[in-house]
Amino acid sequence: MPKLDKILVIAVLENYLIRQEFEDEMERLLAKSGVQGVKSHMILPPRNELLKGELKERIKEGQFDGVLVIRPKAFRKEIEEVASGIVGPYYMPPAGYYNLWPYWNMAWRQVYTTTSYVKENTVVNTEFNLYNTADKKLLSSGEMATYSKNFGN
């Protein structure tokens, strides 16, 4: 793996504000690893205004060692039931539960109620591809699923 000191970060998103926020965060995370991340929204026009060949020219002018392209692949909604009536992180059964016969008699007489609420999460599957600008070859590729509150809105 070649040493990459300066990477152009391109988030392929239609929503410019989310793209900007995402690239800003990636720049911050790369800096923690000692790599200079450059946000594409600072040097590239929106995709619909990008002329053919302009991306190659901007990469060459910026003297980037690598280009990290990040794009969402799929979105899905998940419903999660969150229990809110439990006190404390651990459940300890009452003393009568430790022996079958007291429990058997109690099980028929007592009903336990719990409270909960339903939460909707958006799960985003994202693809990450890192390219070497010297030979234009793929260096690394990966996918991950993350929960998001506003991705794609």
Side-chain angles (χ1 to χ4, degrees), residues 1-94 97 107 110-153:
M1 179 90 155
K3 179 152 174 43
L4 304 176
D5 294 316
K6 188 176 178 184
I7 296 176
L8 176 62
V9 178
I10 303 173
V12 182
L13 297 163
E14 293 296 329
N15 186 315
Y16 187 79
L17 294 175
I18 295 173
R19 172 186 168 196
Q20 189 175 6
E21 186 177 324
F22 189 89
E23 290 178 356
D24 289 346
E25 181 65 12
M26 286 302 301
E27 179 186 49
R28 188 185 69 74
L29 292 171
L30 286 169
K32 283 184 168 183
S33 300
V35 175
Q36 179 188 0
V38 178
K39 308 170 273 199
S40 73
H41 68 268
M42 296 301 288
I43 63 167
L44 296 177
R47 186 183 68 160
N48 59 348
E49 297 175 15
L50 191 65
L51 301 173
K52 187 175 182 178
E54 190 175 2
L55 178 59
K56 288 181 185 177
E57 197 57 41
R58 298 276 175 108
I59 291 171
K60 200 182 297 180
E61 288 171 2
Q63 298 178 341
F64 298 104
D65 300 316
V67 176
L68 178 61
V69 181
I70 305 153
R71 71 178 186 97
K73 290 182 69 175
F75 301 92
R76 73 178 185 277
K77 298 281 185 189
E78 279 187 1
I79 304 297
E80 176 184 6
E81 184 176 4
V82 180
S84 58
I86 298 173
V87 179
Y90 304 105
Y91 171 73
M92 293 296 293
Y97 280 42
Q110 296 176 343
V111 176
Y112 294 97
T113 58
T114 60
T115 58
S116 65
Y117 62 93
V118 175
K119 183 168 89 170
E120 184 177 89
N121 298 311
T122 302
V123 180
V124 183
N125 288 359
T126 308
E127 175 182 73
F128 297 82
N129 291 311
L130 179 61
Y131 295 91
N132 185 352
T133 56
D135 60 7
K136 290 137 187 92
K137 302 265 186 194
L138 180 68
L139 294 174
S140 182
S141 182
E143 285 188 30
M144 69 182 297
T146 56
Y147 288 94
S148 176
K149 293 178 186 170
N150 62 357
F151 198 87
N153 291 336

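Keep in mind it's a predicted model, so treat the numbers as computed, not measured.
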[X] and [Y]: side-chain donor and acceptor closer than 3.5 Å?
X: Glu23; Y: Ser40; value: yes
X: Thr126; Y: Lys73; value: no
X: Asn121; Y: Glu80; value: yes
X: Glu81; Y: Tyr117; value: no

message: side-chain contact (heavy atoms from CB on, under 4.5 Å) for Asp65 and Ile7? Distances and angles first, verdict last.
response: CA-CA 6 Å; Asp65 300 316; Ile7 296 176; 5.6 Å; no
task: Please report the C-alpha distance between Arg19 and Glu21 in whole Å, then the side-chain angles of each, then the deciding distance to 0.1 Å, and finally whether the salt bridge (charged side-chain N to carboxylate O under 4.0 Å, His left out) criterion is met.
output: CA-CA 6 Å; Arg19 172 186 168 196; Glu21 186 177 324; over 6 Å; no
Could you report the tightest heavy-atom contact between [X] and [Y], atom names first, then the distance?
X: Asn125; Y: Ala145; result: OD1-CB, 3.3 Å
X: Ala134; Y: Asn132; result: N-OD1, 3.0 Å
X: Tyr147; Y: Glu78; result: OH-OE1, 3.1 Å
X: Leu30; Y: Gly37; result: CD1-CA, 3.9 Å

For the atom pair [atom1] ([X]) and [atom2] ([Y]), what is the distance rounded to the nearest 0.5 Å?
X: Glu127; Y: Met144; atom1: CD; atom2: CE; value: 13.5 Å
X: Leu139; Y: Asp135; atom1: CG; atom2: CG; value: 7.0 Å
X: Arg71; Y: Asn129; atom1: CZ; atom2: CG; value: 8.0 Å
X: Gln36; Y: Phe64; atom1: CD; atom2: CZ; value: 8.0 Å
X: Tyr131; Y: Lys137; atom1: OH; atom2: NZ; value: 12.0 Å
X: Gln20; Y: Asn15; atom1: CD; atom2: CG; value: 10.0 Å

- prompt: Are Lys56 and Glu54 ion-paired here, with the side-chain N under 4.0 Å from a carboxylate O?
  reply: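 No, Lys56 and Glu54 are not salt-bridged.
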Salt-bridge criterion met for Lys39 and Asp24 (N-O under 4.0 Å):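 So Lys39 pairs with Asp24 through a salt bridge.
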[X] vs [Y] side-chain heavy atoms within contact, under 4.5 Å:
X: Ile70; Y: Phe22; result: yes
X: Val69; Y: Leu130; result: no
X: Tyr16; Y: His41; result: yes

- prompt: Around atom CD of Gln63, are there more than 12 heavy atoms of other residues, nucleotides or ligands at under 6.0 Å?
  reply: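 Not more than 12 within 6.0 Å, no.
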message: More than 12 heavy atoms of other residues, nucleotides or ligands under 6.0 Å from CD of Glu14: yes or no?
response: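 Incorrect, the count does not exceed 12.
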- request: Check step by step if side-chain contact (heavy atoms from CB on, under 4.5 Å) holds for Thr133 and Val67.
  value: CA-CA 7 Å; Thr133 56; Val67 176; 3.7 Å; yes
- prompt: Given Arg58 and Leu44, is the side-chain contact (heavy atoms from CB on, under 4.5 Å) satisfied, shown in steps?
  reply: CA-CA 8 Å; Arg58 298 276 175 108; Leu44 296 177; 3.8 Å; yes
message: side-chain contact (heavy atoms from CB on, under 4.5 Å), that's the test. Do Thr122 and Lys77 meet it? Break it down for me.
response: CA-CA 5 Å; Thr122 302; Lys77 298 281 185 189; 3.0 Å; yes
